[in-house]
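Every chain is numbered from 1, with letters handed out A, B, ... down the list of sequences.
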2 protein chains.
Amino acid sequence: MRPTVHDIAAAAGVSLATVDRVLNRRPGVRHVTREKVETAIRELGYIRDVAAANLAKGRTYPLVFILPASDNSFMHGLNAEIRQAILRSPAERTDIRTIEVPAFDPAALVSVLEGLSREKPCGIAMVATDAPDVRAAVDRLVRERFPIVTLVSDLTGSLRHHYAGVDNIAAGRTAARLLGRFLGARKGEIAVLAGSMLVRDHRERLEGFTSVMAEEFPDLAILPVLEGRDDPEVAHRLVADALGNAGIIGVYSLGAGNRGLVRALKEKAVDRTLTVIAHELTAHTRAALIDNTIDAILNQDAGHEVRSAIRVLKAKADGLAVIDAQERIRLDIFLKDNLP
Amino acid sequence: MRPTVHDIAAAAGVSLATVDRVLNRRPGVRHVTREKVETAIRELGYIRDVAAANLAKGRTYPLVFILPASDNSFMHGLNAEIRQAILRSPAERTDIRTIEVPAFDPAALVSVLEGLSREKPCGIAMVATDAPDVRAAVDRLVRERFPIVTLVSDLTGSLRHHYAGVDNIAAGRTAARLLGRFLGARKGEIAVLAGSMLVRDHRERLEGFTSVMAEEFPDLAILPVLEGRDDPEVAHRLVADALGNAGIIGVYSLGAGNRGLVRALKEKAVDRTLTVIAHELTAHTRAALIDNTIDAILNQDAGHEVRSAIRVLKAKADGLAVIDAQERIRLDIFLKDNLP
DNA sequence: GTTTTTTTGATTTACGTACATCAAATTTGG
DNA sequence: CCAAATTTGATGTACGTAAATCAAAAAAAC
């Protein structure tokens with residue numbers, strides 16, 4: 001049988017109350033006594049029964065998710081996954097609240113973060129906007145012992161405990177290699193459609209993409225980036241215009257707004273064999289992959305990201321270890337054959 | 001606050017004991033009373049606190065993993081992941097035992113399964129060998145209310161509750177499309193290295209591969225399958241021989257034993273531009289991907305499979321729902337850029 | 001050595017559920 | 001209508017931990 005607090009007390013020759021004081025870092029224990037207890041804990045291999053502890057504490061996990069108010073399929077999906085998680089709240093003892101902040105607005109994000117230090121959630125998940133002020137606010141909260149994970153978009157250089165999202169540089173590199181290999185020995189130009197270069201994940205994807213293109217596919221020239229602001233209408237216009245250029249043989253869409261991209265491709269490129277790689281599996285991109293308008297989709301699974309963020313925050317709140325391999329968010333590559 | 005059994009008792013106007021009888025399907029409750037309680041449960045939205053229930057029951061989950069005694073990297077990896085899970089046992093209240101059976105030996109597997117119905121584990125995970133006897137044995141255990149999940153290799157047509165593994169037909173199709181697209185417009189022959197056509201997952205991968213090749217890449221001819229028995233030495237000999245054929249421009253290795261494949265490629269194909277797709281990310285295939293000997297690796301994550309199997313078995317044992325999207329084992333596609 | 005402070009022990013209640021026991025109430029059969 | 005059988009209630013203990021109280025013991029300060 002697994003040892004309990006009683007066994008520890010007996011082994012250390014102290015009372016239950018003292019063991020409790022040590023376990024829960026309560027004051028009033030002499031150093032030598034604390035050592036005795038800790039030795040007993042180590043020797044018996046005691047592990048606190050988290051379920052029993054949470055029961056006794058009546059613990060719940062108030063969590064806050066901070067999301068940008070962006071109107072695109074991916075963010076809608078992310079929201080939906082958080083709602084699913086809220087439905088599971090009773091069973092998971094979580095109490096999840098979402099806060100929407102204007103997208104790409106560091107000041108707004110900072111003020112929300114500052115408000116949180118009064119509210120005392122036991123964990124914060126946030127889609128980070130990359131700015132020095134935000135980094136400072138996050139670091140401050142971490143120092144106040146709030147568990148924080150970044151979601152989808154990271155805040156490198158900050159003290160956040162974990163990042164629940166894909167490696168966007170790797171994603172861009174992968175897109176480049178797929179596109180390059182699919183195009184074989186052909187020469188030509190590549191159009192790149194992004195949302196905005198103000199967003200870190202988009203910048204990173206582009207960075208990864210261009211570096212592999214430059215290193216390994218010198219016959220493919222990358223045209224100036226089209227910034228579609230994740231808006232289908234804007235994306236449509238930009239892509240439609242760009243396709244006037246007959247030298248384009250490939251397209252990489254690294255942001256959202258793919259509905260517009262697909263429409264432009266169907267209107268302007270029926271007679272051409274374009275190779276197209278896009279991000280995020282949505283109803284539109286899925287249909288386009290199936291009808292061969294798109295050749296491959298790179299995806300991050302919003303459901304996994306949300307569940308992982310919750311697991312990590314709970315573990316941090318309890319001071320427990322996380323299974324790193326389990327929490328790595330993988331880059332999904334979908335061809336028409338392995339769609340879920 | 002979440003309603004408790006006390007609230008249910010009060011709402012239904014019965015005693016705690018009666019609520020308990022209803023909740024735990026104990027006898028001695030009149031039909032009308034049972035209805036009253038069930039109504040109260042529904043109306044208050046009562047959900048049993050599984051942690052408290054397990055605490056009270058002193059519940060553990062004795063689980064059995066049945067694995068083939070195969071000596072290849074993938075099975076070693078799977079074993080390692082199960083050992084990891086065993087290390088987590090105290091925290092997860094599991095009690096995991098593994099049983100090795102001779103590979104590809106339905107009779108041995110059946111006799112192990114029959115032995116289990118006496119041992120009463122609360123769940124069984126097994127790498128299935130595809131045979132009618134096995135199917136029958138599994139169905140028998142399912143009828144005796146044992147939760148059963150198949151691992152890595154499925155047993156379609158049986159009553160198993162869940163399959164923790166990838167869709168191998170989709171994997172084969174994906175391999176074909178990747179290979180076809182990478183080869184572009186080139187014509188030539190494709191060598192296929194398998195472990196054994198007696199294993200269902202290998203048969204399915206081949207089936208998916210050949211069907212996409214036939215449909216979409218008619219210029220590529222598939223040579224007769226080389227059966228390497230997942231053995232590096234055999235694989236090396238077969239591939240080295242096959243590479244005497246100068247018409248070969250691509251290789252698909254759908255089984256294990258890739259160490260031999262890689263060695264053969266390095267010896268015989270230095271001067272040629274072969275496109276190679278292999279299964280399972282191991283130290284050898286990873287190195288080969290990085291040095292461009294292999295172009296893409298398809299992988300199933302053994303850690304995810306094991307953890308998913310455990311989660312599903314526990315949920316089934318408790319009669320709880322599983323999050324389907326979370327338990328879908330995805331096919332990983334690795335290029336050298338998105339290696340973990 | 002006495003007082004003050006700090007440390008430790010003993011004990012109790014609580015969390016939400018499971019499960020057992022025994023008595024009381026109700027229903028059923030004859 | 002009575003006896004037997006069934007159903008229900010009341011109650012207590014247990015699971016492993018948290019957290020509180022108050023008394024007792026030990027250590028530190030004077």
Open item on the list: So if I define the base as every atom that isn't primed, P, OP1 or OP2, how would nucleotides 14-21 of chain D read as a B/S/- string at a heavy-atom cutoff under 4.0 Å?
Closed with: -BBBSB-B
Open item on the list: Restricting to side-chain contact (heavy atoms from CB on, under 4.5 Å), what partner residues turn up for B:Arg145, sequence neighbours left out?
Closed with: none
- [ ] Output all residues satisfying salt bridge (charged side-chain N to carboxylate O under 4.0 Å, His left out) with B:Arg135, sequence neighbours left out; order by chain, then residue number.
- [x] B:Asp130
Output the rounded distance in Å from [atom1] ([X]) to [atom2] ([N]).
X        : N      : atom1 : atom2 : result
B:Arg59  : C:dC19 : CZ    : P     : 10 Å
B:Ile8   : D:dT8  : CD1   : C1'   : 18 Å
B:Asp318 : C:dA18 : CG    : P     : 10 Å

Task: salt bridge (Lys or Arg N to Asp or Glu O under 4.0 Å) contacts in which one or both residues fall within residues 155-164 of chain A, not counting sequence neighbours - done: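 Output for this query lists A:Asp154-A:Arg160.
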Open item on the list: When you measure from the side-chain N and O atoms of B:Ser15 to the phosphate of D:dA10, is any distance below 4.0 Å, counting only OP1 and OP2?
Closed with: no
Identify all side-chain donor-acceptor contacts of residues 14-21 of chain B below 3.5 Å with residues at least two apart in sequence or on another chain.
| residue | atom | partner | partner atom | Å |
| --- | --- | --- | --- | --- |
| B:Ser15 | OG | B:Ala17 | N | 3.4 |
| B:Ser15 | OG | B:Thr18 | N | 3.4 |
| B:Ser15 | OG | B:Thr18 | OG1 | 3.4 |
| B:Asp20 | OD1 | B:Asn24 | ND2 | 2.9 |
| B:Asp20 | OD1 | B:Arg26 | NH2 | 3.3 |
| B:Asp20 | OD2 | B:Arg26 | NE | 3.2 |
| B:Asp20 | OD2 | B:Arg26 | NH2 | 2.7 |

Task: Counterpart residues, side-chain hydrogen bond (donor to acceptor under 3.5 Å, both in side chains), relative to A:Thr98 (two or more places apart) - done: none
- [ ] For the residue pair B:Arg330 and A:His304, confirm or rule out a side-chain donor-acceptor distance under 3.5 Å.
- [x]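 Result is yes, a qualifying pair exists.
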